[in-house]
Amino acid sequence: MFPFGAMAKVKATLVCAGLFLCSTVLAIVEELDDTFKDTRVDDVWLVDFYAPWCGYCKKLEPIWYDVGAELKSSGSPVRVGKMDGTAYSGMSSEFGVRGYPTIKLLKGDLAYNYKGPRTKDDIVEFANRVAGPAVRALPSKQMFDHMMKRHDVLFVYFGGESPLKEKYIDMAAELIVYTYFFSASEDVLPESVTLPELPSVVVFKDGAYFTYDEYVDGGLSSWVNKERFQSYLQIDGFTLYELGETGKLVAIAVIDEKDPTEESGRLKTLIQRVAKEYREHFNRDFQFGHMDGNDYINSLIMGEVSVPSIIILNTSNEQYFLPSEPVETLEQLVHFINSVLDGSAQAQGGDGMFQRVKRVAFDAKSTIMSVFRSSPVLGCFLFGLPLGVISLMCYGICTAESDDGQEDMELMKREDDEEEDEEEDEPRQASGELEGPEEDGENEEEEEQEKNPDDKKAD
């Protein structure tokens, strides 16, 4: 038998451990209130604005505690908190919260929105990137080589103090939510890299490098925004959302990676070749990539795209383009892209009034179908009960109107009968008045007949 005293010690130990864990959780993620406004400026905060009834917020909650634990254990200066946006609506409005959950990094007077995937690693990487300086220095070749291996896309300013550097720092403070920005001297560059002039802003990606030209590329922020992705990507919903902010059209090979076919591989290869071999022609206006499956595309265009196939999306106005004939060669694909660029290709979809109405109906149908697929009983309750109540109300209104109509008919019939009776009585009264004197004469004769016979004899 286990001694009673030992069992009590074990229970006490477990209770203490539980209390310790609870206090640790509270320490890594702080519950914030309206006093946060006055105390936040002294620290860098990563805040989750949530609503107690929000399902996505509940799904994010364990991930959020993992984020807090990761940042604390790594020695990050970022403090992690969460705030009930429904209880402190004034604070939520002040920080521009329009939906839940909303993740923001607050740094001084600036507030940065997080729009990436809600995973621990992505959120931690965002917090560490934005919490640090907008422009990080690369003091040596070793550091430069390390960053080149770590980042698929690397922006670096080369040179000393200049108006271009001031623009670069301002741009970095704005776009730090998307990627890192570095500065270095020309000495850290490998021999294979030759800059046309100093100072310069250079992006390293796709195994090559490209220099910013103010006269050709326009504004620095616009150029960085368009160049912050590799020329060819694996695209998902989050990536497509971010690509929409670049202003580029997106050429996608829609394939099924779980069941690869020769046709899928051929279309994917054609898109990759165009992205690499025709960069000078299309990089300014197009982003290239492939997407696994057609579910997201179908919901986006409210239609059906075959797999495999090629589609070009204009995320700014929700238009899309499909080839008029099967794409078999690189020349056919280039011709199709050029037709989209010069406006000769037929655009479908759009954001007109008809498409907006169609979108509302499509989203409603999708929501209903998803509810019934996930929980048929719940779907019947949510949609069947209101329909039943509405049906009963309509039936009650219709039957009430029918009864009122029947009563009105009966009342009208009675009034007609009474009018007919009155009309029949009027001739009788009139004839009675005409026959009145004759009756008086007859009465007089009867009275005379009733006279005493003696009177008659006297007469």
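Since this is a predicted model, take the numbers as computed values, not measurements.
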Requested in this report: Would you indicate whether Tyr56, at its atom OH, is surrounded by more than 12 heavy atoms from other residues, nucleotides or ligands within a distance under 6.0 Å?
Outcome: no
Query raised in the report: Is there a donor-acceptor pair closer than 3.5 Å between any side-chain N or O of Arg228 and the backbone N or O of Val153?
Result: no
Query raised in the report: Would a distance-only check, ignoring hydrogens and angles, find a side-chain to backbone donor-acceptor pair under 3.5 Å from Ser76 to Lys72?
Result: no
Query raised in the report: Short question: side chain of Lys226, backbone of Asp217 - any donor-acceptor pair under 3.5 Å?
Result: no
Query - Arg279 charged N/C atom sitting above Phe210 aromatic ring, 6.0 Å / 45° - result: yes
Requested in this report: Check whether any side-chain heavy atom of Val44 sits under 4.5 Å from a side-chain heavy atom of Leu106, and report yes or no.
Outcome: no
**Report entry** Short side-chain to backbone donor-acceptor contact, Glu227 and Val224, under 3.5 Å
**Finding:** no
Requested in this report: Locate the shortest heavy-atom distance separating Ala347 from Gln319; write the atom from each residue and the value.
Outcome: CB-OE1, 3.7 Å
Query raised in the report: Is the backbone of Tyr114 close enough, under 3.5 Å, to the side chain of Lys104 for a donor and an acceptor to pair up by distance?
Result: no
Report summary line: Value for CD1 (Ile123) from CZ (Arg118), rounded to nearest 0.5 Å, stands at 8.5 Å
Report task. Taking the side chain as every heavy atom from C-beta outward, state whether Leu300 and Leu240 have any pair of such atoms under 4.5 Å apart. Result -> yes
Report task. Taking the side chain as every heavy atom from C-beta outward, state whether Tyr65 and Glu61 have any pair of such atoms under 4.5 Å apart. Result -> yes
Query raised in the report: Are any non-hydrogen side-chain atoms of Lys248 and Asn283 less than 4.5 angstrom apart?
Result: yes
Query raised in the report: At their closest point, which heavy atom of Leu189 faces which heavy atom of Phe158, and how far apart are they?
Result: CD2-CZ, 3.2 Å
Query - Any donor-acceptor pair under 3.5 Å from Ser140 side chain to Met143 backbone - result: yes
Report task. Answer with yes or no whether the side chains of Tyr178 and Thr246 bring together a donor and an acceptor at under 3.5 Å. Result -> no
Report task. Answer whether the closest heavy-atom distance between the side chains of Thr86 and Tyr50 falls below 4.5 Å. Result -> no
Query raised in the report: side-chain contact (heavy atoms from CB on, under 4.5 Å) between Lys165 and Tyr157: does it pass, once the steps are laid out?
Result: CA-CA 7 Å; Lys165 186 174 184 179; Tyr157 170 85; 3.4 Å; yes
Report task. Just say parallel, tilted or perpendicular for the rings of Phe144 and Phe204, cut-offs at 30° and 60°. Result -> perpendicular
Query raised in the report: Closest approach of Asn128 and Arg136, non-hydrogen atoms and distance?
Result: O-NH2, 3.2 Å
Query raised in the report: Any idea which heavy atoms bring Ala134 and Ala172 closest together, and the distance?
Result: O-CB, 3.7 Å
Query raised in the report: Just by distance, with hydrogens left out, do Ser222 and Asn225 show a side-chain donor and acceptor under 3.5 Å apart?
Result: no
Report task. Please state whether the rings of Tyr100 and Trp53 are parallel, tilted or perpendicular, taking 30° and 60° as the class boundaries. Result -> perpendicular
Report task. Keeping the roles fixed (side chain from Trp223, backbone from Val216), state whether a donor-acceptor pair exists under 3.5 Å. Result -> no
Query raised in the report: Using a distance-only test with no angle check, is there a side-chain donor-acceptor pair under 3.5 angstrom linking Asp121 and Thr119?
Result: no
Query raised in the report: When you check the side-chain N and O atoms of Ser264 and Thr261, is any donor under 3.5 Å from an acceptor?
Result: yes
Query - Lys115/Glu245 salt bridge by N-O under 4.0 Å criterion - result: yes
Report task. Nearest 0.5 Å please: distance from the CG atom of Asp34 over to the CE atom of Met83. Result -> 7.5 Å
Query - Arg79 bridged to Asp43 by N-O distance under 4.0 Å - result: yes
Query raised in the report: Salt-bridged, Lys167 to Glu214, with N to O below 4.0 Å?
Result: yes
Report summary line: Closest non-hydrogen atoms of Ser231 and Gln287, given as atom of the first, atom of the second and distance, are O-NE2, 3.0 Å
**Report entry** Atom pair CD1 (Ile252) and CG (Leu313), whose distance is rounded to the nearest 0.5 Å
**Finding:** 4.5 Å
Query - Donor-acceptor contact present, side-chain Asn298 to main-chain Val305, <3.5 Å - result: yes
Requested in this report: May I ask you to check whether Phe155 and Phe182 place their ring centres under 6.0 Å from each other?
Outcome: no
Review item, side-chain donor-acceptor pairs of residues 266-274, under 3.5 Å, at least two apart:
from	atom 1	to	atom 2	distance (Å)
Arg266	NE	Glu263	OE1	3.3
Arg266	NH1	Val327	O	3.1
Arg266	NH1	Glu328	O	2.8
Arg266	NH2	Glu263	OE1	2.9
Arg266	NH2	Glu263	OE2	2.6
Arg266	NH2	Val327	O	3.0
Thr269	OG1	Gly265	O	2.8
Arg273	NE	Glu277	OE2	3.1

**Report entry** Side-chain touch Val203/Tyr209, heavy atoms, less than 4.5 angstrom
**Finding:** no
Requested in this report: Could you tell me whether the side chain of Val250 reaches within less than 4.5 Å of the side chain of Phe288, counting heavy atoms only?
Outcome: no
**Report entry** Main-chain N/O of Val124 paired with Glu70 side-chain donor or acceptor, under 3.5 Å
**Finding:** no
Report task. Side-chain contact test, heavy atoms from C-beta onward, threshold under 4.5 Å: evaluate it for Tyr241 versus Thr315 and give yes or no. Result -> no
Query raised in the report: Is the Tyr232-His290 ring centre distance short of 6.0 angstrom?
Result: yes
Query raised in the report: Is the shortest side-chain N to carboxylate O distance from Asp292 to Lys258 below 4.0 Å?
Result: yes
Query - Intermediate values then yes/no, side-chain contact (heavy atoms from CB on, under 4.5 Å), Phe321 and Gln348 - result: CA-CA 6 Å; Phe321 305 84; Gln348 303 182 51; over 6 Å; no
**Report entry** Separation of Glu174 CD from Leu220 CG (nearest 0.5 Å)
**Finding:** 10.0 Å
Query raised in the report: Which heavy atom in Pro308 sits nearest to a heavy atom in Ile255, and how many Å separate them?
Result: CB-CG2, 4.3 Å
Query - Asn294 (side chain) donor-acceptor with Ile297 (main chain) under 3.5 angstrom - result: no
